[in-house]
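Excluded from the calculations below are hydrogen atoms, water molecules and symmetry mates; all remaining heavy atoms, backbone and side chain alike, are included. Lettering follows sequence order; numbering is per chain, from 1.
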Amino acid sequence: MNKEQVAAILTEIGTLLELKGENPFKTRAYLNAARAIESLDEPLEKVVAEGRLDQIKGIGESLRDKITELVTTGRLGYYEELKASIPPGLIELLEIPGLGPKRILTLREKLGIESVDALEKACREGKVATLPGFGEKTQANLLEGIERRRKFASQHLLIEVWSAAEPLLEFLRQHPDVIRCSPAGSLRRNKEVIGDLDLLASSKNPKQVLEDFTRQPAVTKVLAKGDTKASVLLEGGLQADLRVVADREFPFAQIYFTGSKQHNIVMRQRAIERGLRLNEYGLFRSKEETRDPKLLIPCKDEAEVFQQLGLHYIPPELREDLGEFEAAEKGPIPRLLEWTDLKGSLHNHTTWSDGHMTLEETVQLARSLGLAYWAVTDHSRSSFQANGLDPQRLRQQIRAIREINQRLEDEGADFHLLAGTEVDILRDRLDFDDDLLAELDFVIASLHVPANNEAENTKRLIRAAQNRFVHALGHPTGRLLLERDPYPVNLDAVIEACAETGTWIELNCNPHRFDMDWRHWPAALRKGVRCVLGPDAHRREHVAYLKLGVGIARKGWLQPRDVINTLPWPQLLKALQRKRQKL
DNA sequence: GCCGTTTTCGGCCCGACTGTTTTCAGTCG
């Protein structure tokens, strides 16, 4: 059983315990352990075999034994008994906003409700409103929650949430009563998938700001509105929360509402260790709960708050409690990749396969962005659904690209178009022979038709990495966010093979993919693997994906030196030759 | 269930909002 599977079971145990009304800290212990297992950068079997499980922070005696049982036998008696004791429909009930373990228990005991359907029926019959702790309003809200859940996804892609956030941020920037404003939550942390949109503002007149916020054109319903906070629903079902604080409180609120939750727990803990108290209103010289301005340690921005807690500044993207504290204690966090570091783009399509730009339009676009190079990597013939090129068409395309480059050179332009391919990784070989691949400047190899078998997929990817003409592996897990899980593959082994052969791995910047996942990059970097940031651009507007991808790359701790397409043209040429000479 | 230069027991981050209540429980983030 691999890390992801073990983590999923531990998380599920946490949820089941929550439903049982167990001690919430016990629930949290399971969720913490799941996270700890997930972020392990060595094989779980190895840690178990060497008896090092309980050296991991958050895993004690009991969890050590349970994880060992899972890894060695593939089963866990405790989990199976727990699961059998709870009707499966209850987990779904927990997803209805407004329902937690206590109310679910009441619904179950008084009305025998154990599923969303049963709840809906009871609400419609008016039975729920009669229960203690419930009322007409709660009943109506539950019904609405059920309907909304049916109609809209509860999770949204980063790109959708940014599009919704931008007009709201613009409204805040323009508002006469707003002093400072900022995105917050998982949006500011650039998570690939987001639950709801969090915004923060400072003002002397919060009531007015909140009032005007709830009247924005995109708002379809006001869920809550108080003196400091409002929640609304936007078109498309996305929930947006705005919190308004005094300007003095802004940096503290920014830290608090940016999260993550786990990151904040450590921050508060650090404050307590120093005899201080941290909340969204400030950092106070007090052990007691307080908002007393006389005890406030004033900070003008987030960096000063971190400094007070003995830390260098931690960029929002890294605030996941996945190693940022250890790093920020030791010294400054390295400068992470920025959009302006990119010198070119290496994974792109044209009208020759399934793209919507011609070669000429591609050149125009890339030059208008000030890029120094751009690789054309159309699909290979087996991707017939994408109008993949056969060897003859690819050779034609290479000639066309060489002609364009000749013309650019004659014009004295400082721009280069690379001839490349996104070659399919087939069952037993690549879609093009080595002699054809050797004619290309850049080769990225992708698995588009995976097997339903981890060993098989791993083998295919490793074989592709071992080919001396393959520069990079494209979107190495094939996941489509909110649509399709990654295909089964042993990524640790693939990363190992890429490290050995000097093969780069793509961080595909298509917002549906963001593949390879940011969580795997720190381990890959430690092994010496480098990254290609690929927009996988099929249309003109897809170049914007590069910018989004930079946000994800930052979550993976990628620095400019780790990313191939930050290299200036002459160095890129050398880097492209290296593997062919080495193997 | 985890954890410990204040602790091996008693903590574990903590405040806002809603709705059902007449002072607060439950949920949420």
Side-chain angles (χ1 to χ4, degrees), chain A residues 10 13-14 17-18 20-36 53-67 78 93-107 128-142 145 184-187 189 194-200 206 210 222-232 239-245 249 252-253 255-284 287-291 321:
Chain A
L10 294 177
I13 292 176
L17 289 174
E18 194 184 349
K20 283 215 140 180
E22 261 286 2
N23 177 354
F25 297 105
K26 185 169 169 178
T27 300
R28 207 169 83 188
Y30 275 90
L31 301 182
N32 284 340
R35 278 170 44 85
L53 255 188
D54 51 11
Q55 289 169 24
I56 300 170
K57 195 168 151 30
I59 295 178
E61 209 179 324
S62 167
L63 272 159
R64 177 198 64 200
D65 293 346
K66 291 193 173 82
I67 294 166
Y78 171 74
L93 280 177
L94 210 47
E95 290 166 13
I96 308 289
L99 280 190
K102 298 269 171 61
R103 281 182 171 158
I104 289 177
L105 187 69
T106 308
L107 288 169
V128 172
T130 63
L131 296 176
F134 290 76
E136 289 291 340
K137 199 83 187 247
T138 306
Q139 178 172 276
N141 284 342
L142 289 176
S186 43
L187 176 66
R189 301 202 314 282
I194 289 177
D196 47 38
L197 162 56
D198 290 311
L199 299 169
L200 177 69
L210 288 165
V222 180
L223 298 171
K225 185 170 64 170
D227 291 342
T228 66
K229 156 183 180 180
S231 293
V232 299
Q239 182 178 326
D241 297 339
L242 171 66
R243 188 68 180 254
V244 186
V245 300
E249 300 163 342
F252 307 101
I255 285 184
Y256 184 87
F257 292 110
T258 297
S260 65
K261 205 168 172 181
Q262 288 82 2
H263 174 93
N264 283 352
I265 289 171
V266 178
M267 289 289 278
R268 282 173 187 280
Q269 200 55 46
R270 291 184 74 94
I272 292 168
E273 282 161 14
R274 287 163 177 75
L276 308 173
R277 195 150 191 103
L278 178 68
N279 57 32
E280 61 257 61
Y281 300 105
L283 181 63
F284 299 95
K287 288 193 169 185
E288 309 305 316
E289 189 272 307
T290 184
R291 273 185 222 179
D321 190 22

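One C1' atom belongs to dC14(B), the other to dC9(B), and the distance between them is 23 Å to the nearest Å. For the C1' atom pair drawn from dA25(B) and dT20(B), the interatomic distance equals 9 Å after rounding to whole Å. Comparing dG1(B) with dT5(B), their P atoms are spaced 23 Å from each other, to the whole Å. Between dC12(B) and dT7(B), the distance separating the two C1' atoms is 13 Å to the nearest Å. The gap from the P atom of dT21(B) to that of dT27(B) amounts to 15 Å, rounded to the nearest Å. Comparing dT6(B) with dG11(B), their C1' atoms sit 13 Å apart, to the nearest whole Å. Across dC2(B) and dT8(B), the matching C1' atoms stand 12 Å from one another, rounded to whole Å. The gap from the C1' atom of dG29(B) to that of dC13(B) amounts to 12 Å, rounded to the nearest Å.
What separates CD of Glu249(A) from C1' of dA16(B) is a distance of 13 Å, to the nearest Å. Straight-line distance from the CG atom of Leu94(A) to the C1' atom of dT27(B): 11 Å, rounded to whole Å. dC28(B) atom P lies 21 Å from atom CG of Leu242(A), rounded to whole Å. Atom P of nucleotide dC14(B) and atom CD1 of Ile265(A) are separated by 10 Å, given to the nearest angstrom. Distance, Ile67(A) CD1 to dC2(B) C1': 12 Å, rounded to whole Å. Note: CD (Glu280(A)) to P (dC17(B)) measures 10 Å, nearest angstrom. Rounded to a whole Å, the CG atom of Leu31(A) is 13 Å from the P atom of dG1(B). Per the geometry, CZ belonging to Arg268(A) stands 11 Å off C1' belonging to dG29(B), to the nearest Å.
Set against dC14(B), dC12(B), dG29(B), the side chain of Asp241(A) has dG29(B) as its closest nucleotide. Side-chain proximity of Asp198(A) to the nucleotides dT27(B), dA16(B), dG29(B) is greatest for dG29(B). Out of dC17(B), dG15(B), dG1(B), the shortest distance to the side chain of Lys229(A) is found at dC17(B). Of the candidate nucleotides dG1(B), dG29(B), dC13(B), dG1(B) has the atom lying nearest to any side-chain atom of Asn23(A). Relative to the side chain of Thr228(A), the nucleotides dC2(B), dT27(B), dC17(B) differ in distance, and dC17(B) lies closest.
Under the rule for a side-chain hydrogen bond (donor to acceptor under 3.5 Å, both in side chains), the partners of Arg189(A) that lie at least two apart in sequence or sit in another chain are Glu320(A). Residues that satisfy the salt bridge (charged side-chain N to carboxylate O under 4.0 Å, His left out) test with Arg64(A), not counting sequence neighbours, are Asp54(A). Annotation: side-chain hydrogen bond (donor to acceptor under 3.5 Å, both in side chains) contacts of Arg270(A) (sequence neighbours excluded): Glu329(A). Residues forming a side-chain hydrogen bond (donor to acceptor under 3.5 Å, both in side chains) with Glu280(A) (at least two apart in sequence, or on another chain): Arg243(A). By the side-chain hydrogen bond (donor to acceptor under 3.5 Å, both in side chains) test, Gln239(A) is found to be paired with Asp241(A), residues two or more places apart in sequence or in another chain being considered. Residues forming a side-chain contact (heavy atoms from CB on, under 4.5 Å) with Leu210(A) (at least two apart in sequence, or on another chain): Ala230(A), Leu242(A), Val244(A). Remark: Lys229(A) pairs with no residue by the salt bridge (charged side-chain N to carboxylate O under 4.0 Å, His left out) rule, at least two apart or across chains. In this structure, Glu136(A) has no salt bridge (charged side-chain N to carboxylate O under 4.0 Å, His left out) partners at least two apart in sequence or on a different chain. Scanning for salt bridge (charged side-chain N to carboxylate O under 4.0 Å, His left out) contacts around Glu22(A) gives Lys26(A), with sequence neighbours left out.
The partner of dT8(B) cannot be assigned: no Watson-Crick or G-U wobble pair with both contacts below 3.5 Å exists in any strand.
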Can you check nucleotides 19-23 of chain B for protein contacts, nitrogen or oxygen pairs under 3.5 Å, and list what you find?
from, atom 1, to, atom 2, distance (Å)
dG19(B), OP1, Asn141(A), ND2, 3.1
dG19(B), O3', Thr138(A), OG1, 3.0
dT20(B), OP1, Gly135(A), N, 2.7
dT20(B), OP1, Gly135(A), O, 3.1
dT20(B), OP1, Glu136(A), N, 3.3
dT20(B), OP1, Lys137(A), N, 3.4
dT20(B), OP1, Thr138(A), N, 3.2
dT20(B), OP1, Thr138(A), OG1, 3.1

Kindly give the atom pairs (protein nitrogen or oxygen, nucleotide nitrogen or oxygen) under 3.5 Å for nucleotides 4-9 of chain B.
from, atom 1, to, atom 2, distance (Å)
dT6(B), O4, Lys287(A), NZ, 3.3

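Ile59(A) and Ala33(A) get closest at one heavy-atom pair: CG1-CB, 4.2 Å. When all heavy atoms of Ala36(A) and Lys57(A) are compared, the closest pair comes out as CB-O, 4.1 Å. Between Phe257(A) and Ala184(A), the shortest heavy-atom contact is O-CB, 3.5 Å.
Taking a 6.0 Å sphere around CD of Glu95(A), one finds it holds more than 12 heavy atoms contributed by other residues, nucleotides or ligands.
Within the 4.0 angstrom heavy-atom criterion, no nucleotide atom of any strand lies near Pro24(A). Within the 4.0 angstrom heavy-atom criterion, no nucleotide atom of any strand lies near Leu278(A).
With a glycosidic angle more than 90° from 0, dT21(B) adopts the anti conformation.
Applying the 4.0 Å criterion to OP1 and OP2 of dC13(B), one finds that Arg28(A) has a side-chain N or O inside that range. For Lys261(A) and dG29(B), the shortest distance from a side-chain N or O to OP1 or OP2 is not below 4.0 Å. Between dA16(B) and Tyr281(A), a contact under 4.0 Å exists linking OP1 or OP2 to a side-chain N or O.
Mapped onto DNA chain B by nearest heavy atom, Pro97(A) and Leu17(A) fall at different nucleotides, with Leu17(A) at the one closer to the 5' end. Heavy-atom nearest nucleotides on DNA chain B were determined for Lys26(A) and for Ile96(A), and the one closer to the 5' end corresponds to Lys26(A).
For DNA chain B, the residues of residues 59-66 of chain A within the heavy-atom distance limit of 4.0 Å (strictly under) are Ile59(A), Gly60(A), Glu61(A), Ser62(A), Leu63(A), Lys66(A), sorted by number.
Between Thr138(A) and Leu131(A), every side-chain heavy-atom pair lies at or beyond the 4.5 Å cut-off.
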